[in-house]
Protein chains: 2
Amino acid sequence: MPYMADSPFKSISILYRKSHIWLNSGCAQYHLSAAQAVVILIVCDFGGLTQDEITKRLSLDKSVIAKTVTKLEETGFLIRTTNAKDKRTYDIRPTEKAWAVYPAVKEQVDESFRRMTHQMTDAEREEFKRLLLLAADASLALDE
Amino acid sequence: MPYMADSPFKSISILYRKSHIWLNSGCAQYHLSAAQAVVILIVCDFGGLTQDEITKRLSLDKSVIAKTVTKLEETGFLIRTTNAKDKRTYDIRPTEKAWAVYPAVKEQVDESFRRMTHQMTDAEREEFKRLLLLAADASLALDE
DNA sequence: TTTATATGGTGGCATGTGCCACTATATTCA
DNA sequence: TGAATATAGTGGCACATGCCACCATATAAA
């Protein structure tokens, strides 16, 4: 019998940590951590981004993205080239190796959402998704 | 203009990280981190718990709670005594210092939820809360 | 009762994340 | 143009968290 998660703050913590544990174990076979998987996902989704765009889209600290991208370059998932128009920034592009794992990573992320919502009706799941996006956008807007 | 957080997985990450940043800065005046604040909250809510109960209720790894409780004992917020019926476990009780910050900590946690849901209607906010609890409970149940 | 298994707690290690200081390059403005 | 300011990236540090190995105590099984 699971203990009741009785405050929304606590629920969010649990959802974050559990989904990352699931993604970590699901991506281990590709030698990727959850954090690395998320970066590969977004770079492939856009077919290439500047390092700064990745930072803004994931709204993580820029130093975090710098470290993750460095690692993914070393392991051959991403390629970094200096941006022609702004020498301060990098263009990040996926390699073949990244494209190869992309569908599986995407599926793992989707699967983790299905897991946490498996007892919801389709209508509840859609509403949950909508409210999550709404709250996340509101949280980002507060920092502007 | 904030970037769209376009997947529920990413939304949950953002909500978790932002709410912890808010709680960290809100609790800094009491020399408490967000993680410590959450432990104080649950110990005061129940007026005392065993260390193992805290672990299960927050569903964090037991070593994490051990470290946090050790720190909070050192800083005078909690008292640890060996449980009479089971010498392996500890009874954790709040001190006066913990009770003194408890209302403010509770308010900070509530405030963080209000922030992320400030543009929702009351009905949406209640529904969001309900779905968060539902998903968190489902996530915990999967590990049984 | 003795032995095997389960459970609560601790310490060590790795990773993720945030913050800060700093460097290099761009942009703005006087 | 030249100086002030803003922005992209890096490295260091601190803390949070998860996992694992291990120890001590309880509980179950023989």
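The sequence lines fix the lettering, A, B, ..., with proteins before strands; numbering per chain opens at 1.
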Students often get this wrong, so: under 4.0 angstrom with heavy atoms, is [X] touching a base, only sugar-phosphate, or nothing?
X: S33(A); answer: sugar-phosphate
X: K87(A); answer: sugar-phosphate
X: I65(A); answer: nothing

ask   = Centres of the H20(A) and F9(B) rings: under 6.0 Å?
value =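 Distance test on ring centres: under 6.0 Å, yes.
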[X], nearest nucleotide to its side chain (from [options]):
X: Y16(B); options: dG9(C), dC15(D), dT17(D); value: dT17(D)
X: R88(B); options: dG18(D), dG12(D), dA24(D); value: dA24(D)
X: D86(B); options: dA16(D), dA26(D), dG9(D); value: dA26(D)

message = Please compare K18(A) and D52(A) by the position of their nearest nucleotide in DNA chain D and report the one closer to 5'.
response = D52(A)
key: Along DNA chain D (nearest heavy atom to each residue), the more 5'-positioned of D61(A) and D61(B)   =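 So the residue in question is D61(A).
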ask   = Is there a donor on the side chain of K67(A) or the base of dG9(D) sitting less than 3.5 Å from an acceptor on the other?
value = no
request  = Salt-bridge test for K106(A) and E111(A): reply yes if a basic N is under 4.0 Å from a carboxylate O, no otherwise.
outcome  = no
query = Name the one of R88(A), R80(A), K62(A) that satisfies side-chain hydrogen bond (donor to acceptor under 3.5 Å, both in side chains) with Q51(A)?
reply =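 Checked R88(A), R80(A), K62(A) against Q51(A); only one passes side-chain hydrogen bond (donor to acceptor under 3.5 Å, both in side chains): R80(A).
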